Amino acid sequence: MFPALLFLRTHGMNLFETLKNQFPVLCDPASAYIYLDSAATALKPQTVVRALAGFYTQNGASVHRGIYNSSIQATKQFENARKKLSVFINAPTADQVIFTSGTTASINMLAQSFAQNQLCAGDEIILTLLEHHSNIVPWQIAAKKTGAVIKFARINKNGTLDEQHLESLFGPKTRLFACTHVSNALGTVNPVKKLTALAHSKNVPVLIDGAQACTSGKIDVQDIDCDFYAFSGHKMFGPTGIGVLFAKPHWLKTLQPAFGGGQMVETVTTQGFVPLPAPIGFEAGTPPIAQAIGLGAAVDFINEIGIDNITAHTNTITALAIAELEKLPDITVLGPKTGTGPVVSFVQEGIHPHDTAAILDSEKIAVRAGNHCCNPLMQALGTSATVRVSFSVYNCLDQIQNLCQALGKARDMFKG
Amino acid sequence: MDNQAKLYQSVIIKHSKHPYNFEKPDTFTGHADVQNPTCGDKMSVYLTKTHDGTTIQSVHFTAAGCALCVASASIVCRALENTTIKDAQKLMGQCRDFIAGKSTQNIPEDFLAFAGIEAFPSRVKCAELVFTGIEKSL
């Protein structure tokens with residue numbers, strides 16, 4: 001039996017004590033630190049590292065085209081990973097799961113495909129002020145190419161989406177609504193099912209940026225009913241360089257591939273090409289084979305623990321973090337205080353976030369400070385930067401105490 | 001240096017909390033807005049030359065940045081007051097070398113507090129933002 005599951009069944013919910021031992025980077029005493037930056041990237045469990053290394057040491061062949069056993073086996077593993085991912089997000093079929101290099105690549109690919117045959121001058125794309133730059137800049141590039149216009153839905157003072165304002169933005173020229181599932185900067189969880197229904201009621205397709213959502217709860221693209229869902233492997237314990245774009249069949253038939261090359265074509269002549277059907281038709285070139293297999297192992301890791309157990313654990317830590325940080329006289333927590341993903345943003349009075357983060361680093365606590373690739377959101381919040389802490393299965397409640405003590409050291413250092 | 005906290009010496013904290021010439025003056029002869037894209041620090045530099053254009057009379061600045069960024073600007077603005085442009089450029093070159101860990105010659109005393117910053121490349125960018133601002137204002 002998987003060690004984590006065995007421990008859970010015999011020792012209850014103490015996820016941290018069992019799981020931290022499965023993350024090699026946390027087991028090296030020489031590099032021991034408290035990692036509170038999982039929103040940037042999650043650390044990797046041994047099973048994922050082993051799956052990656054296993055592919056390179058035991059196989060190493062390319063997929064789909066080889067007429068030899070190791071290539072056939074590599075293809076099976078690669079396509080098996082796709083199947084696991086489709087089940088993970090409850091996609092109706094594995095063919096709707098396109099492998100990309102990450103969320104950013106997924107959104108760029110979609111934006112470029114939209115620019116080819118879906119957008120005209122004057123058409124409108126609706127985004128929100130909660131977006132990461134990766135769900136803004138690709139659309140700005142597409143808008144520049146086509147003459148389309150981007151509109152931003154505002155946020156409320158507490159960092160939630162202003163749904164009334166969002167609704168007012170839809171019009172006859174709206175061609176797409178794209179929004180984040182969970183804000184990487186504030187942890188705000190958008191009601192994506194409700195927002196998708198709103199957009200669909202205006203005949204507007206929906207892209208959900210799920211980069212931060214895949215360990216914040218069960219992802220069910222059929223329940224959300226979104227047209228597209230993008231996410232990254234590395235934020236859900238998988239390798240870097242692998243991500244997914246889910247799309248509904250209608251769009252897979254309608255959209256033209258953004259990238260061309262080997263593997264994705266049925267025929268090529270001097271006159272042109274005929275792409276293969278999805279998903280291969282959208283996966284030009286040799287795909288990230290080892291990374292896909294590693295991501296499959298990450299899905300197994302999540303499933304073994306149970307996404308509900310993971311969410312319960314990180315929700316408990318997040319709630320404690322917000323409560324303890326708010327007790328500190330010089331800390332202001334930004335964003336919603338309840339119902340968030342495992343992300344907490346704050347500022348320390350009189351100390352720039354970079355300085356706070358640098359002093360926390362000296363106390364062996366890794367946090368993120370800056371604008372979190374969310375300049376429009378920071379402008380809306382009236383700040384240029386925040387300190388962000390984010391949590392995962394390898395974090396524990398005690399670490400919040402460590403964090404608060406280290407913040408006290410920063411406070412003392414800047415006194416006077 | 002393996003500990004960023006060691007950078008936060010009292011002289012740097014003092015300059016960051018009470019920066020020299022931290023205001024937009026009524027008049028100035030050169031101005032630049034600069035930004036560190038890595039971390040988002042922003043600075044506006046206002047430079048005033050003498051009538052003959054050979055000497056820096058004063059340098060003022062405003063900034064939204066970390067302690068290292070503001071302290072560096074405070075120290076440099078004071079050091080460059082009433083300095084010929086030629087000497088100012090030389091001094092800024094020496095300071096840039098210092099925070100790159102290359103040289104310690106002719107460094108303003110307070111600026112010596114940045115010793116060891118070269119171990120943290122992202123923080124070097126904080127300390128050198130003021131040089132970019134001044135060079136663009138000249």
Side-chain angles (χ1 to χ4, degrees), chain A residues 30-33 37 40 132-133 137 184-185 330 334 345 347-388 402-403 405-416, chain B residues 1-20 22 33-44 61-75 99 110 113-130 132-133:
Chain A
S31 63
Y33 59 99
D37 199 18
H132 187 283
H133 293 165
V137 180
N184 70 301
D330 58 341
L334 304 170
S345 251
V347 289
Q348 191 166 20
E349 190 185 339
I351 309 180
H352 191 278
H354 297 145
D355 298 320
T356 300
I359 293 159
L360 293 179
D361 174 53
S362 303
E363 298 298 312
K364 294 194 175 296
I365 300 175
V367 303
R368 184 56 63 106
N371 58 39
H372 314 296
C373 295
C374 292
N375 273 330
L377 174 61
M378 292 296 130
Q379 283 160 19
L381 293 170
T383 184
S384 60
T386 73
V387 181
R388 183 189 73 184
N402 298 114
L403 171 67
Q405 283 167 5
L407 289 169
K409 288 191 180 179
R411 185 185 314 127
D412 292 344
M413 203 177 273
F414 275 78
K415 252 184 196 163
Chain B
M1 187 186 285
D2 61 354
N3 188 336
Q4 284 196 64
K6 289 178 186 168
L7 281 170
Y8 292 89
Q9 294 183 34
S10 58
V11 63
I12 287 182
I13 304 276
K14 188 189 81 183
H15 274 284
S16 74
K17 291 177 86 76
H18 308 287
Y20 185 71
F22 191 82
D33 295 320
V34 287
Q35 186 165 353
N36 181 348
T38 316
C39 63
D41 284 354
K42 288 178 184 170
M43 184 180 292
S44 296
F61 77 106
T62 57
C66 66
L68 304 186
C69 170
V70 173
S72 169
S74 172
I75 296 165
I99 55 178
D110 282 1
F114 287 102
I117 196 173
E118 70 275 8
F120 306 102
S122 65
R123 306 315 300 274
V124 170
K125 289 190 193 320
C126 303
E128 67 183 4
L129 187 60
V130 66
T132 309

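What you see below is based on every heavy atom in this structure, not just the backbone, and it leaves out hydrogens, waters and symmetry mates. Letters go in sequence order (proteins before strands), and every chain restarts at 1. Please read all numbers here as calculations on a predicted model, not as lab measurements.
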Visitor: Tell me the residues of residues 348-358 of chain A whose non-hydrogen atoms fall below 4.5 Å from those of chain B, in number order.
Guide: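 Within residues 348-358 of chain A, the residues under 4.5 Å from chain B are A/His352, A/His354, A/Asp355, A/Ala358.
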Visitor: Looking at A/Ser362 and B/Ala5, what are the two nearest heavy atoms and their distance?
Guide: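 Looking at all heavy atoms of both residues, the shortest contact is OG-N, 2.8 Å.
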Visitor: Where does B/Ser10 contact chain A at under 4.5 Å (heavy atoms): side chain, backbone, both or neither?
Guide: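 Interface part for B/Ser10: neither.
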Visitor: Could you check which of B/Lys42, B/Arg123, B/Lys14 has the highest count of heavy-atom pairs closer than 4.5 Å to chain A?
Guide: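 Winner by heavy-atom pair count: B/Arg123.
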Visitor: Listing request: all salt bridge (charged side-chain N to carboxylate O under 4.0 Å, His left out) pairs with a residue in residues 367-382 of chain A, at least two apart in sequence or in separate chains.
Guide: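 Pairs touching residues 367-382 of chain A that pass the test: A/Asp37-A/Arg368.
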